[in-house]
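I am attaching a structure below and will ask some questions about it afterwards.
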Amino acid sequence: MLTVFIATFIFFLLVFAGMSLGYMIKRKSIQGSCGGLSSIGVEKVCDCPEPCDTRRKRMAREAARQVHLEKHRII
């Protein structure tokens, strides 16, 4: 029983080491193969017709930030 646990633990360590080595060499993060929800036409996770209050506040902050950045742009 302990042998199986140790073998499994070593296997997972090797997998994590391989993934981290791949990241360090290619500087590319791990990606899913399907492309996520946007590939099937879903723009947001929930199907709500209106965004919730928290999301509206976040969107307003982001819009204000973009306006501020455009207004104070150096070049």
Side-chain angles (χ1 to χ4, degrees):
M1 180 73 177
L2 186 62
T3 314
V4 173
F5 175 75
I6 292 173
T8 305
F9 185 72
I10 290 172
F11 174 75
F12 276 107
L13 283 178
L14 289 173
V15 169
F16 284 126
M19 288 190 304
S20 63
L21 184 63
Y23 173 75
M24 286 187 286
I25 292 173
K26 291 187 177 183
R27 295 285 185 210
K28 187 175 180 183
S29 62
I30 300 171
Q31 298 176 351
S33 61
C34 66
L37 291 175
S38 62
S39 67
I40 59 172
V42 177
E43 292 182 16
K44 55 184 180 175
V45 177
C46 66
D47 290 332
C48 305
E50 293 290 323
C52 63
D53 293 334
T54 307
R55 182 158 175 92
R56 271 192 238 139
K57 288 177 186 176
R58 189 175 11 176
M59 289 167 48
R61 274 196 318 259
E62 182 61 30
R65 181 178 176 273
Q66 289 297 328
V67 168
H68 179 75
L69 288 175
E70 285 296 321
K71 183 179 176 183
H72 298 290
R73 199 165 89 181
I74 295 173
I75 296 177

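Just so it is clear, the structure is predicted and the values come from calculations on it, not from any experiment.
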With sequence neighbours excluded, residues passing side-chain hydrogen bond (donor to acceptor under 3.5 Å, both in side chains) with Arg58: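 Scan of Arg58 (side-chain hydrogen bond (donor to acceptor under 3.5 Å, both in side chains), adjacent residues dropped) gives none.
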Remaining members of the apolar cluster that contains Phe9, side-chain heavy atoms under 4.5 Å: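 The other cluster members (ILVMFWY side chains, heavy atoms under 4.5 Å, direct or chained) are Leu13.
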Hydrophobic cluster (4.5 angstrom, side-chain heavy atoms) - remaining members for Val67: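 Joined to Val67, directly or through intermediates: none.
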Salt bridge (Lys or Arg N to Asp or Glu O under 4.0 Å) partners for Arg61, two or more places apart: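 If we apply the salt bridge (Lys or Arg N to Asp or Glu O under 4.0 Å) test to Arg61, skipping adjacent residues, there are no hits.
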Which residues share a side chain to side chain contact (heavy atoms under 4.5 Å, CB included) with Leu21, sequence neighbours left out: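 In terms of side chain to side chain contact (heavy atoms under 4.5 Å, CB included), with neighbours along the sequence ignored, Leu21 is linked to Met24, Ile25.
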Show me the donor-acceptor pairs, under 3.5 Å and distance only, between side chains in residues 68-75 and residues at least two apart or in other chains.
unit_1 : atom_1 : unit_2 : atom_2 : d
His68  : ND1    : His72  : NE2    : 3.4
Glu70  : OE1    : Arg73  : NH1    : 3.4
Arg73  : NE     : Ile75  : O      : 2.8
Arg73  : NH2    : Ile75  : O      : 3.4

Connected via hydrophobic side-chain network under 4.5 Å: Phe11 and Phe16: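 Per the 4.5 Å side-chain linkage, Phe11 and Phe16 are co-clustered.
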